[in-house]
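I have placed the structure first, in the form of structure tokens, so that the comments after it can refer back to it.
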Amino acid sequence: MSPINNDAILSAVGFYNAFDEIHKKYYTGSKIQLDEILNFAAISIPYAVNGAFACEVAMKSAINEKNAKTLGHKLLDIYNSKYFSNKYKKAIKDSFISKGFSGIEFNCVLTESSDLFYSWRYIYESSKSTCSIPKYFYEFVTSCVETMLDFSDLKRKDNHEIQL
């Protein structure tokens with residue numbers, strides 16, 4: 001089993017922080033003002049892309065670089081890969097479940113999120129007129145990144161900042 005790549009975790013945390021800030025502004029249940037609708041549509045793309053990429057990089061932090069490159073961007077393929085240890089799989093799933101969700105909901109959001117990075121990153125090339133963000137995507141991304149961060153040599157301070 002590969003040790004956690006701290007540089008990859010720092011990258012994952014950076015993408016997660018952008019994702020989290022977008023979530024706080026646009027996805028917390030508050031009404032969006034009419035003049036912000038275009039902003040909301042435009043911000044959904046970096047929200048989905050940053051969230052999915054944060055998960056990808058967090059999981060790949062535990063896989064050696066050669067094997068990680070062969071896995072592509074699909075979260076389900078990375079998660080189910082023989083290169084991604086069962087202890088990490090279990091810890092991510094347990095973290096998600098500890099937030100009040102079921103294993104079935106975890107499997108659904110993992111499957112529905114699997115191709116988000118690619119499909120949203122290149123949404124302008126798609127013949128689809130709409131894409132959707134899976135239910136519980138925020139909690140899934142948070143569980144993935146926080147869990148892998150906890151396995152790294154990096155430590156969080158009480159205020160959730162990262163310290164080396």
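To the nearest 0.5 Å, atom CG of residue Asn5 and atom OG of residue Ser11 are 8.0 Å apart. For the atom pair Cys144 SG and Glu56 CD, the distance stands at 10.0 Å (nearest 0.5 Å). Here NZ of Lys99 is found 11.0 Å from CG of Asp94. Values are rounded to the nearest 0.5 Å. Atom CD1 of residue Ile45 and atom CD1 of residue Ile133 lie 9.5 Å apart, to the nearest 0.5 angstrom. With rounding to the nearest 0.5 angstrom, the CG atom of Leu71 is 4.5 Å from the OG atom of Ser81. The CG atom of Asn80 lies 6.5 Å from the CG atom of Leu110; values are rounded to the nearest 0.5 Å.
The minimum heavy-atom distance between Thr147 and Ala91, with the atom names listed, is CG2-CB, 3.5 Å. Considering every non-hydrogen atom in both Ser113 and Phe137, the closest pair reads OG-CD1, 3.3 Å. A pairwise comparison of heavy atoms in Leu75 and Cys55 identifies CD2-CB, 3.9 Å as the closest pair. Residues Lys93 and Gly103 come closest through the heavy atom pair CE-CA, 3.8 Å. Between Ser102 and Ile97 the shortest heavy-atom distance is C-CG1, 4.0 Å.
Within the 4.5 Å cutoff, side-chain heavy atoms of Met148 are placed close to those of Ile92. A 4.5 Å side-chain heavy-atom check between Pro134 and Leu116 finds at least one atom pair inside the cut-off. Contact of the Tyr79 side chain with the Phe84 side chain is registered, since non-hydrogen atoms from C-beta on lie closer than 4.5 Å. With contacts defined as side-chain heavy-atom distances shorter than 4.5 Å, the pair Met59/Tyr88 does not qualify. Residues Asp153 and Ile4 fail the side-chain proximity criterion, which asks for heavy atoms closer than 4.5 Å.
Within a 6.0 Å sphere centred on NZ of Lys135, heavy atoms belonging to other residues, nucleotides or ligands number 12 at most. Residue-environment remark: NZ (Lys89) exceeds the threshold of 12 foreign heavy atoms within 6.0 Å.
Here Asn17 pairs with Val13 under the side chain to side chain contact (heavy atoms under 4.5 Å, CB included) rule; sequence neighbours left out.
Between Tyr118 and His73, the ring center distance fails the sub-6.0 Å criterion.
Here the side chain of Ser98 pairs a donor or acceptor atom with the backbone of Ser95 at under 3.5 angstrom. Of the possible donor and acceptor atoms, none in the side chain of Ser114 sits under 3.5 Å from a partner among the backbone N and O of Thr111. Asn50 places a side-chain N or O within 3.5 Å of a backbone atom of Pro46 that can act as its donor or acceptor partner.
Linking ILVMFWY side-chain heavy atoms closer than 4.5 Å, directly or via other members, places Val145 and Leu76 in a single hydrophobic cluster.
The aromatic rings of Phe96 and Tyr136 stand perpendicular to each other, their planes meeting at an angle above 60°, with 30° marking the opposite boundary.
Between Phe19 and the choices Phe53, Tyr47, Phe140, the ring pair (Phe, Tyr, Trp, His ring centres under 6.0 Å) rule is met once, by Tyr47.
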